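Values below: all heavy atoms of this structure, side chains included; hydrogens, waters and symmetry mates excluded. Bear in mind that the values here come from a model prediction, so they are computed numbers and not experimental data.
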Amino acid sequence: MNAALDWAAAILVLLGSLFALTAAIGLVRFPDTVSRMHPSTKTQVLGLLLVLVGAGIRLRGSVDVGMLVLAGLFTVIVSPVFAHLVGRSAYRERGLRVDLMTRDEMPAEPAVVDEKLDDDDDVDDDDAEDAEDADGGAGDGGGRT
């Protein structure tokens, strides 16, 4: 039984290492920042999780397995946030190839987004006032007394 678990752990560690190698090659080969985010987040995280699971199987019964679980959870939580921030920064700094993009849904300037949000807030305030006026201004929400 121990030999089978050791083999499973070794296979998982090797598979994780291959995913990490693939991610490293992707970081070197892809042309721009947005393309490089894919291997740096998805492939690298999968490789790390496989290595951590393999190490957890190998260290079964040890206190260190809890630390491996925490490392895996932290990576899974932080990786999408990291990718979002890097992608947004690359877009705003023009560190990407526009010819590779199929669709551009993000405004170039953050001020445009802020103005749009401010306009939406004003519309929501006006709608709330209109609803209160239609209510008769009673303020009790139901109109009954």
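Taking all atoms of both residues into account, the shortest heavy-atom contact from G56 to L68 is N-CD1, 3.5 Å. Annotation for D6 and R58: closest pair OD1-NH1, 3.5 Å, computed over non-hydrogen atoms. Annotation for A9 and G54: closest pair CB-O, 3.2 Å, computed over non-hydrogen atoms. Nearest heavy-atom pair across L27 and P39 is N-CG, 4.0 Å. Among all heavy-atom pairs drawn from F19 and G47, the shortest one is CB-CA, 3.5 Å. Smallest separation of non-hydrogen atoms from Q44 and A23: OE1-CB, 3.5 Å.
Side-chain heavy atoms closer than 4.5 Å link hydrophobic residues (I, L, V, M, F, W, Y) into clusters, and following such links, possibly through other members, connects L59 to L52. A chain of hydrophobic side-chain contacts below 4.5 Å, direct or via other Ile, Leu, Val, Met, Phe, Trp or Tyr residues, connects L50 to I11. No chain of hydrophobic side-chain contacts below 4.5 Å, direct or via other Ile, Leu, Val, Met, Phe, Trp or Tyr residues, connects L5 to W7. Side-chain heavy atoms closer than 4.5 Å link hydrophobic residues (I, L, V, M, F, W, Y) into clusters, and following such links, even through other members, never connects L15 to L48.
Formation of a donor-acceptor pair under 3.5 Å by the R60 side chain with backbone atoms of I57 is found in this model.
Other members of the cluster containing I25 are L21, with ILVMFWY side chains joined at under 4.5 Å, either directly or via other members.
With contacts defined as side-chain heavy-atom distances shorter than 4.5 Å, the pair T75/L49 does not qualify. With contacts defined as side-chain heavy-atom distances shorter than 4.5 Å, the pair L14/L18 does not qualify.
Legend: residues meeting salt bridge (charged side-chain N to carboxylate O under 4.0 Å, His left out) with R29, ordered by chain and number and at least two apart, are absent. Legend: residues meeting salt bridge (charged side-chain N to carboxylate O under 4.0 Å, His left out) with D64, ordered by chain and number and at least two apart, are absent.
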